[in-house]
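To start, the structure under review is shown below, and the notes come after it.
Every chain is numbered from 1 and lettered A, B, ... according to where its sequence line falls, protein lines coming before strand lines.
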2 protein chains.
Amino acid sequence: MSSHGKAAAVYHPLAINLAASSSATPCENCGARHLGLCDALSDEELAFFSRAAHRMSLPVGKLLLEEGEPAQHFYNVNAGTVRLFKTLQDGRRQITGFASAGHFIGLASSELNVISAEAVEPVRLCRFSRAGLQALSEDYPALERKLLSLAMHELVLNQEQMLLLGRKTALERIASFLLAWARRQEACATGKLPKPNTRLSLALSRSDLADYLGVTIETVSRSLSHLKNDGLIEIPNTHEIILRRPQALENIAEGAG
Amino acid sequence: MSSHGKAAAVYHPLAINLAASSSATPCENCGARHLGLCDALSDEELAFFSRAAHRMSLPVGKLLLEEGEPAQHFYNVNAGTVRLFKTLQDGRRQITGFASAGHFIGLASSELNVISAEAVEPVRLCRFSRAGLQALSEDYPALERKLLSLAMHELVLNQEQMLLLGRKTALERIASFLLAWARRQEACATGKLPKPNTRLSLALSRSDLADYLGVTIETVSRSLSHLKNDGLIEIPNTHEIILRRPQALENIAEGAG
DNA sequence: CTGCCGCAATGATCCATATCAACAATACGC
DNA sequence: GCGTATTGTTGATATGGATCATTGCGGCAG
C-alpha cells in the first residue's frame with residue numbers, strides 16, 4: 001500500500017521506432033509508459049487499459065475540466081503540463097497543483113468537478129470515462145490499488161501545501177517550491193536534497209507561481225531576486241533557475257533559524 | 001466510484017442493549033457503525049474486519065501519530081475528535097484537518113507519517129495495522145474501493161482548504177469554516193446551506209481554529225465578533241455558535257460582493 | 001464565597017505583503 | 001528586423017492581519 005513508483009523508471013530506455021505489430025498498444029512509445037499509473041500495469045493489462053483510452057492533444061490555455069460541471073472523465077498526462085485550480089467569484093484564483101507526464105487527473109472530484117484544469121503547455125493525454133475505468137477495475141484490482149496509492153500520495157502533497165499556504169512566509173514559500181519542483185523533475189523518489197547547481201526548467205509563468213503559492217506576482221519576483229542576491233539561486237532567464245545552495249534553501253523552507 | 005455514504009445513515013436507530021451473542025462484533029453498538037468505512041461493509045465483512053481491530057480510548061492531548069515516525073497503523077474514529085497537523089521547526093503549526101466519528105485516519109502517509117495526530121476531546125477508536133488491512137483488502141475488494149472513495153473525498157476537502165488558505169480573507173475563512181462545520185455536523189451530504197438558527201457545538205479551542213484557518217487567535221476572535229455584531233451569528237458561549245443568516249455567511253465565504 | 005488560572009476578547013502598534021505605479025525585458029506579429 | 005504587446009522587475013505607498021499589551025470571564029480548588 002505504499003511504494004510510490006520506482007524513481008529509476010524515469011530513465012528507462014524507451015522503445016522507439018518499433019514497427020508496430022497488430023498487438024502493440026500506442027502506449028509502447030508513450031513518454032509516460034513507465035510513470036505513475038501505467039507503470040503499475042503489466043503489458044497485458046495495459047493492452048486492455050489502452051483500449052479504454054481516448055488520446056488527445058490540447059493547445060495552451062485549453063480547459064479540460066471545469067469546476068461545477070459533471071465529472072465524466074479521468075485523464076492521464078503523457079506530455080506537457082496542466083494546472084489545476086479553483087476560483088472565487090471575484091476572480092481570485094488558487095492553483096492547487098500541476099500535472100505533468102505520468103500524473104493522473106480527476107481523483108479530486110465527487111459527482112461534480114471541484115476544480116478546473118487547463119493546459120499550461122501544449123499537452124498530450126489519455127482520457128478515460130469514469131464508468132469505463134470503474135468497469136475495468138472490477139477485472140484488474142491492481143488498477144484500483146494503484147489509484148488508491150496515487151490518491152494517498154496526493155494527500156501527502158496536499159498536507160505539505162496546506163502548511164505552506166497557512167503558515168510559511170513568502171520567502172519560505174518560494175524556497176519550498178524550488179526544492180519541491182527540483183525533486184519532482186529529478187523524480188528522486190526519496191526526499192533527498194537536490195544536488196548543488198541543479199538546473200530547473202520552469203514552464204510556469206510568475207502568475208502561475210503566485211497563484212500556486214498564495215502570494216502576488218510582485219512578491220514572487222521580489223523573493224526570487226532576494227534569493228538571487230544572497231547567492232542561493234541563479235536566474236539565467238525567466239524560465240530557468242539554478243539552485244546554487246540547496247541546503248540553504250532547505251533551511252529557509254523548513255523555517256529553521 | 002462516487003457516493004460518499006448515505007447522509008440518512010447518521011440517524012439510523014442503533015441496536016442498543018442486545019444480549020451479546022458469541023458471533024456479535026463489538027461494532028454493533030459502535031457509534032460509527034453506520035458511518036464512513038464501516039458503513040460500506042456488510043455485517044459479515046465487518047466481522048472479519050473487526051477481528052483485525054484493536055479498540056482503544058485516549059485522553060485529551062494524547063498523540064496517536066507523530067510526523068516522521070514509521071507509518072504502522074490506520075485508525076477509525078468511533079467517538080471524539082482528533083486534530084491532524086504539521087509543525088515547522090520554530091513551532092508554527094498548521095492543522096490540516098479534524099477527524100470525528102466515522103473518519104478514517106492515515107491515508108495521508110507514505111513510509112513515514114507526514115502528519116501528527118492528537119486527541120482534542122477524549123477519543124475512542126479502532127486501530128488497524130497497515131499490513132493487516134492490506135491483507136484484508138485482498139479478500140474484500142469493497143474495502144479498497146471504499147478507501148479509495150474516502151481518499152477522493154479527502155482530496156476534495158483539501159482543494160477547498162487550499163483555496164481558503166491561499167486566497168481568502170480572515171472574515172471569509174471564518175464564514176467558510178462555520179458553514180463547513182455545520183454541514184459536517186448535520187451530515188447533510190449535499191452541499192446545501194444549513195438552515196437559519198443552526199446551532200454549532202464546537203469542541204475546538206480558538207487556538208485550534210486559528211491554526212486550522214491559518215490566522216492568529218486574535219483574528220479568529222475579532223472575526224467572530226464582527227460577524228456577531230453584524231447579526232450573522234450568535235455566540236451564547238465559547239463552544240457554541242448559532243448561525244442566524246447562513247446565506248449571508250455563504251456570500252462572504254464565496255467572496256461575493 | 002473567594003481568589004487563582006487559563007482562555008477569550010478587545011485595544012494599540014507594527015510589519016510583511018498587497019496594491020499602485022513606472023520601467024525593463026522578452027516574445028510576437030508583420 | 002521593427003514596433004507593439006505581454007510579462008517580469010523594481011520602487012513607493014497602503015493596509016490587513018500579526019504582535020504586543022490589557023482586560024474580562026468562566027471554571028475550579030480551597
Side-chain angles (χ1 to χ4, degrees), chain A residues 59-61 83 88 90-95 120-122 164-178 200-230 233-241 252 255, chain B residues 60-61 83 88 90-95 120-121 164-178 200-230 233-241 252 255:
Chain A
V60 169
R83 74 181 140 242
L88 252 17
D90 62 4
R92 276 173 286 170
R93 179 178 73 161
Q94 179 64 39
I95 294 179
V120 175
E121 301 176 278
L164 182 151
L165 292 171
R167 288 303 183 206
K168 290 187 182 179
T169 67
L171 200 64
E172 289 164 357
R173 291 177 198 214
I174 297 290
S176 301
F177 169 79
L178 292 174
L200 295 192
S201 68
L202 207 57
L204 318 175
S205 69
R206 295 294 186 257
S207 157
D208 285 325
L209 224 36
D211 285 350
Y212 181 52
L213 301 178
V215 294
T216 59
I217 51 176
E218 293 93 333
T219 296
V220 169
S221 212
R222 278 186 249 272
S223 301
L224 285 172
S225 297
H226 186 245
L227 292 176
K228 184 180 67 177
N229 294 336
D230 287 2
I233 63 173
E234 219 162 292
I235 311 180
N237 67 69
T238 310
H239 293 289
E240 270 184 304
I241 296 179
I252 292 174
Chain B
V60 169
R83 73 181 143 241
L88 253 16
D90 61 6
R92 276 173 286 171
R93 179 178 74 161
Q94 179 64 39
I95 294 178
V120 175
E121 301 175 278
L164 182 152
L165 292 171
R167 288 302 183 206
K168 290 187 182 177
T169 67
L171 201 64
E172 289 165 356
R173 292 177 197 214
I174 297 289
S176 302
F177 169 79
L178 291 174
L200 296 191
S201 67
L202 207 58
L204 319 175
S205 68
R206 295 294 186 259
S207 157
D208 285 325
L209 225 37
D211 286 349
Y212 181 53
L213 301 177
V215 294
T216 59
I217 51 176
E218 292 94 332
T219 296
V220 169
S221 212
R222 278 187 249 271
S223 302
L224 284 172
S225 296
H226 186 261
L227 292 175
K228 185 182 66 178
N229 294 336
D230 287 2
I233 63 173
E234 219 163 292
I235 310 179
N237 67 70
T238 312
H239 293 290
E240 270 185 305
I241 297 180
I252 293 176

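Going from atom CG of B:L209 over to atom C1' of C:dA9 covers 14 Å, rounded to whole Å. Between the P atom of D:dT19 and the CG atom of B:D90 lies a distance of 10 Å, rounded to the nearest Å. Put simply, CG on B:L227 is 13 Å from P on C:dT10, counting in whole angstrom units. Atom CD1 in A:I235 sits about 15 Å away from atom C1' in C:dA24, given to the nearest Å. Between the CG atom of A:N237 and the C1' atom of C:dA24 there is a distance of 16 Å, rounded to whole Å.
Put simply, CG on A:L88 and CD on B:E172 are 6.0 Å apart, with the number rounded to the nearest 0.5 Å. The CG atom of A:L171 lies 5.0 Å from the CG atom of A:L227; values are rounded to the nearest 0.5 Å. Interatomic distance, CG of B:L224 versus CG of B:L202, reported as 8.5 Å (0.5 Å rounding).
B:R83 places no side-chain N or O within 3.5 Å of a backbone atom of B:L204 that could act as its donor or acceptor partner. Formation of a donor-acceptor pair under 3.5 Å by the A:Q94 side chain with backbone atoms of A:Y212 is found in this model. At least one donor-acceptor pair under 3.5 Å links the side chain of B:S225 to the backbone N or O of B:S221. A donor-acceptor contact shorter than 3.5 Å is absent between the side chain of A:R167 and the backbone of B:R92.
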Please write out the pairs of protein N or O atoms and N or O atoms of nucleotides 4-8 of chain C separated by less than 3.5 Å, giving the distance to one decimal.
{"unit_1": "C:dA8", "atom_1": "OP1", "unit_2": "B:R206", "atom_2": "N", "d": "3.3"}

Can you name the atoms? Protein N/O to nucleotides 16-21 of chain C N/O, anything below 3.5 Å, with the distance.
{"unit_1": "C:dT17", "atom_1": "OP1", "unit_2": "A:A170", "atom_2": "N", "d": "2.9"}
{"unit_1": "C:dA18", "atom_1": "OP2", "unit_2": "A:T216", "atom_2": "N", "d": "3.4"}
{"unit_1": "C:dA18", "atom_1": "OP2", "unit_2": "A:T216", "atom_2": "OG1", "d": "3.0"}
{"unit_1": "C:dA18", "atom_1": "OP2", "unit_2": "A:T219", "atom_2": "OG1", "d": "2.3"}
{"unit_1": "C:dT19", "atom_1": "O4", "unit_2": "A:R222", "atom_2": "NH2", "d": "2.9"}
{"unit_1": "C:dC20", "atom_1": "N4", "unit_2": "A:E218", "atom_2": "OE2", "d": "3.1"}

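Contact detail for B:A210 and B:T216: the closest heavy-atom pair is CB-C, 3.6 Å. In terms of heavy-atom proximity, B:I217 sits nearest to B:S207 at CG2-CA, 3.4 Å.
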Quick one, B:L200 with B:I233, criterion side chain to side chain contact (heavy atoms under 4.5 Å, CB included). Give me CA distance, side-chain angles, the key distance, then yes/no.
CA-CA 10 Å; B:L200 296 191; B:I233 63 173; over 6 Å; no
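Over its full length, the helix from C:dC1-D:dG30 to C:dC30-D:dG1 turns its helical axis through 40°, comparing axes from the five pairs at each end and rounding to 10°.
Looking at A:R173 and A:L209, their side chains never come closer than 4.5 Å, going by heavy atoms from C-beta outward.
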